[in-house]
Amino acid sequence: MKTDVKNILGSFLEPDAETDALQLSIGHINKTYKILVDGCPAFILQQINHKVFSDIDALMQNTRLVLSTLSAYVAQKPGQLQVQRLVPTLDGNWVHRDNDGGYWRMFTYINGAKTIESVRKYSHAYEGGKAYGMFLEGVSKLTPDQLTTVIPDFHSLEARYKTFEHALELNPGNRKSEAFAEIAFAKDTIDRMMLIPEMISSGELPLRIVHNDTKFNNLIFSSDGRAIAVTDLDTVMPGTSLFDFGDAIRTAANRGREDESDIHKISFDISVFESFAAGYIECAETLLTREEIRLFPVAAQYMTFIMGIRFLTDFINGDLYYPTRYPGHNLTRCRAQFTLFSRMNEQMQAMNKIIARVTARLN
Ligand code: GN1
Ligand code: MG
């Protein structure tokens with residue numbers, strides 16, 4: 001175990017505990033470790049990315065409020081979802097500050113926890129839909145003013161596009177010419193992706209507390225294939241259900257990886273869309289408006305487009321936000337997202353039909 005992690009653990013656990021730490025490769029932003037005590041997974045230790053989450057106090061206040069709200073919700077639904085708990089430091093704080101200015105926190109570990117990177121079973125998609133649908137219901141007790149917006153304009157396409165245009169103007173890494181096709185695609189597509197932002201501004205789409213980072217691997221599954229928990233609560237903030245639905249589909253229904261370099265491996269699995277939608281709508285039906293549900297296919301494209309723009313902007317800026325494993329990694333990610341976007345386009349009618357069928361069943 002790296003000594004620094006061992007030191008950090010000393011702030012949370014009594015020194016007599018026999019511990020080991022395994023770094024998880026999940027998540028781009030925070031560093032996450034599975035902590036074994038006497039050989040058994042017992043905790044999740046996380047170093048918070050302070051550059052991305054600049055207001056740690058607000059982040060932790062949000063996390064505590066969301067966790068307690070969810071705990072109260074799941075208590076009424078025994079056997080369905082579990083909620084992680086925060087583990088305080090030995091001196092009674094929620095966060096430990098290390099000597100290098102790093103921030104650390106610890107959660108309890110959900111037993112049997114398994115994450116799914118690539119959906120192979122439709123039952124998993126249905127289960128995932130149910131879990132994110134229940135999550136939406138669970139946090140619906142919170143009002144937007146109770147949570148701090150820790151990252152402003154997180155899924156605002158206007159803001160993301162402005163940042164992209166700014167990067168194009170500055171072209172700091174001199175990389176624009178490498179991304180000629182992707183830049184053209186972004187420019188050609190932006191106007192028709194503004195429907196959701198316009199409907200948010202006009203009040204046609206309700207603002208709610210949503211998760212905002214519903215990658216499929218933020219769900220925890222039991223070994224028998226049930227989705228038992230929703231993790232990564234850092235970006236729980238006001239937004240629309242379309243962000244959550246869309247991001248889950250972006251990650252679950254893509255048969256290729258988020259950073260797949262062989263674009264022929266990227267395809268859109270419409271049955272994953274159908275199964276996830278069935279689970280999500282079944283569990284969040286009482287909250288969702290007809291308009292939100294009707295726009296779910298557009299939401300899948302919206303979130304895929306916005307992620308493509310974010311990766312492209314980071315590529316042009318010289319990889320400042322997302323850690324990369326090789327030069328051009330962010331461009332590969334962008335290409336994969338834009339390819340998925342086009343695959344979704346071919347299935348738009350099929351997605352709309354599925355949604356119309358589901359809606360017809362609602363009373
Ligand atoms: C980041 O850290 P991670 O992997 O949970 C990002 C999300 C993106 C995602 C793309 C705070 O999430 O918005 O959808 O990467 N989170 C932040 O994989 O920017
Ligand atoms: Mg995240």
Side-chain angles (χ1 to χ4, degrees), residues 23-33 44-56 58-60 62-63 66-67 84 103 105 107 115-119 128 132 135 147-157 159-161 163-164 210-220 229-240 242-254 256-261 266 299-315 317 319-325 329-341:
Q23 186 169 357
L24 303 178
S25 57
I26 226 159
H28 294 307
I29 303 297
N30 295 325
K31 273 197 194 135
T32 306
Y33 300 82
I44 288 291
L45 179 72
Q46 215 169 34
Q47 182 174 23
I48 305 168
N49 185 327
H50 183 35
K51 255 168 56 190
V52 171
F53 298 104
S54 53
D55 188 344
I56 301 279
L59 176 76
M60 292 311 292
N62 281 2
T63 305
V66 171
L67 286 175
Q84 293 170 292
Y103 293 86
R105 65 182 170 190
F107 294 100
T115 52
I116 296 178
E117 283 302 320
S118 173
V119 177
Y132 278 138
F135 177 90
L147 292 174
T148 305
T149 295
V150 285
I151 306 181
D153 293 330
F154 193 48
H155 293 316
S156 157
L157 186 53
R160 296 292 185 188
Y161 199 78
T163 311
F164 164 66
V210 298
H211 185 287
N212 280 312
D213 188 9
T214 47
K215 288 210 270 203
F216 204 76
N217 66 11
N218 276 333
L219 292 166
I220 291 178
V230 172
T231 58
D232 196 357
L233 307 174
D234 294 336
T235 51
V236 178
M237 292 182 285
T240 149
L242 299 184
F243 300 158
D244 283 5
F245 184 89
D247 206 48
I249 294 299
R250 174 183 77 83
T251 49
N254 181 4
R257 293 191 324 262
E258 186 180 62
D259 63 351
E260 180 57 63
S261 56
I266 295 171
Q301 277 202 311
Y302 179 83
M303 290 307 292
T304 306
F305 184 65
I306 213 166
M307 280 316 306
I309 295 281
R310 289 177 64 189
F311 289 139
L312 182 55
T313 305
D314 202 31
F315 172 73
N317 279 338
D319 310 321
L320 301 177
Y321 190 85
Y322 288 106
T324 49
R325 285 199 311 276
H329 195 174
N330 270 318
L331 183 58
T332 304
R333 286 170 173 147
C334 161
R335 236 171 238 157
Q337 296 304 300
F338 285 173
T339 304
L340 178 64
F341 181 98

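Order of listing sets the numbers, starting from 1, for every ligand and every atom in it.
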Set of residues satisfying salt bridge (charged side-chain N to carboxylate O under 4.0 Å, His left out) with respect to Asp234, sequence neighbours excluded: Arg105
Can you find a side-chain donor-acceptor pair between Asn30 and Asn49 that sits under 3.5 Å? no
Give me the one residue out of Leu233, Asn218, Leu219 that meets side chain to side chain contact (heavy atoms under 4.5 Å, CB included) with Phe135. Leu233
With sequence neighbours left out, the residues meeting salt bridge (charged side-chain N to carboxylate O under 4.0 Å, His left out) with Asp259 are Arg257, Arg325
Check: Ser54 side chain, Lys51 main-chain N or O, donor-acceptor pair, under 3.5 Å: no
Note on the Mg ion (ligand 2): protein N/O/S atoms within less than 2.8 Å are Asp213 OD2, Asp232 OD2
Expected rows: ligand 1 N/O, protein N/O, dist below 3.5 Å:
unit_1, atom_1, unit_2, atom_2, d
ligand 1, 2 (O), His28, N, 3.0
ligand 1, 2 (O), Ile29, N, 3.0
ligand 1, 4 (O), His28, N, 2.8
ligand 1, 4 (O), Lys215, NZ, 2.7
ligand 1, 5 (O), Asp213, OD2, 3.0
ligand 1, 5 (O), Asp232, OD2, 2.9
ligand 1, 13 (O), Arg310, NH1, 2.9
ligand 1, 18 (O), His28, NE2, 3.1
ligand 1, 18 (O), Lys215, NZ, 2.6
ligand 1, 18 (O), Glu258, OE1, 3.0
ligand 1, 18 (O), Glu258, OE2, 2.7
ligand 1, 19 (O), Arg310, NH2, 2.8
ligand 1, 19 (O), Tyr321, OH, 2.5

No-hydrogen, no-angle side-chain donor-acceptor test under 3.5 Å, Gln337 and Thr304: no
Is the backbone of Leu320 close enough, under 3.5 Å, to the side chain of Asn317 for a donor and an acceptor to pair up by distance? no
Which of these passes side chain to side chain contact (heavy atoms under 4.5 Å, CB included) with Val210: Asp213, Thr214, Asn212? Asn212
Anything under 30° is parallel, anything over 60° is perpendicular, the rest tilted; go ahead and classify His28 against Phe311. perpendicular
